[in-house]
Amino acid sequence: MTEKAIEPCLTCGRPTPADSRCVYCATVTDLDLKSLQLDYAKSTDLLEADDLPRAVSIVVQKTGQRFPLKNRKVKIGRGTSNQVIIPDDTFTSRNHSWITYEDGEFWLEDLGSTNGTLLNGHPVVKRQVLSSGDKIRVGHTELAFEVEKS
């Protein structure tokens, strides 16, 4: 019986069986990421009052800084093109994760970041629905997803 060789993932460096995709990076391929970025660049959809009955925001736990979610697609990361910018955390990727609003729900998705995204302490391997009070970790920064009660 031949064992598969283990090699580091070319994207994140995690141990991965040869000739297979890394489970952390497989959720968003380069093509998917380019597609999402093009989608975002085209999107000027601001959330309408009818879309969101309540105020929704991301709060940086350490500083209390609030980022109101006003678009259907909100990018989190170190890069200045993001809506939620985490400038001082070198463990946060430039384009780390997305929060999207679809069919009345907010979704969190990792964008193939080097260190992954955690939702309530668990790795985000595929996109997940967010609920008020959820804790999101990007790099060493903890964020809270908050929906104000009506």
Seminar exercise, completed: Note: G116 and H96 closest approach over all heavy atoms is O-NE2, 2.8 Å

Problem set entry | Test item: L111 and S93 side chains (from C-beta on) under 4.5 Å apart, heavy atoms | no

Problem set entry | Check: L143 and I86 side chains under 4.5 Å, non-hydrogen atoms | yes

N/O donor to acceptor pairs below 3.5 angstrom from side-chain atoms of residues 56-64, sequence neighbours left out:
unit_1, atom_1, unit_2, atom_2, d
S57, OG, R66, NH2, 3.3
T63, OG1, Q65, N, 3.2

Seminar exercise, completed: Sorted by chain and residue number, the salt bridge (charged side-chain N to carboxylate O under 4.0 Å, His left out) partners of R137 (sequence neighbours excluded) come out as E142

Exercise. After noting the C-alpha distance and the side-chain angles of T100 and R127, does the key distance pass the side chain to side chain contact (heavy atoms under 4.5 Å, CB included) rule?
Worked result: CA-CA 10 Å; T100 57; R127 73 185 207 141; 3.9 Å; yes

For this session: Sequence neighbours left out, what passes side chain to side chain contact (heavy atoms under 4.5 Å, CB included) with D88? Give chain and number order.
Result: none

Problem set entry | ILVMFWY clustering at 4.5 Å (side-chain atoms), partners of W107 | V129

Exercise. Roughly how far, to the nearest 0.5 Å, is OG1 of T114 from CZ of R94?
Worked result: 9.0 Å

Exercise. Is there any ring-ring contact (aromatic ring centres under 6.0 Å, His included) pair reaching into residues 109-140, and which pairs are they, with sequence neighbours excluded?
Worked result: F91-H140

Exercise. Which pairs count as ring-ring contact (aromatic ring centres under 6.0 Å, His included) when at least one residue sits in residues 55-86, sequence neighbours excluded?
Worked result: none

For this session: Measure the CZ-OG distance between R78 and S113 for me, rounded to the nearest 0.5 Å.
Result: 11.0 Å

Seminar exercise, completed: NZ (K126) and CG (D110) are apart, to the nearest 0.5 Å, by 14.5 Å

Exercise. Side-chain heavy atoms under 4.5 angstrom apart, residues restricted to Ile, Leu, Val, Met, Phe, Trp, Tyr: same cluster for L118 and V74?
Worked result: no

For this session: Treating Ile, Leu, Val, Met, Phe, Trp and Tyr as nodes and any side-chain heavy-atom pair under 4.5 angstrom as an edge, say whether I136 and I85 lie in one connected cluster.
Result: no

For this session: Output yes when E109 and K73 qualify as a salt bridge under the 4.0 Å nitrogen-oxygen rule, no when they do not.
Result: no

Problem set entry | Qualifying residues under side-chain hydrogen bond (donor to acceptor under 3.5 Å, both in side chains), relative to T92, sequence neighbours excluded | D89

Exercise. For the residue pair N95 and S81, what are the closest heavy atoms and their distance?
Worked result: OD1-OG, 4.3 Å

Seminar exercise, completed: Taken to the nearest 0.5 Å, the spacing of L69 CG from E146 CD works out to 10.5 Å

For this session: For S97, check side chain to side chain contact (heavy atoms under 4.5 Å, CB included) against everything at least two apart and list the hits.
Result: I76, L108, T117, V138

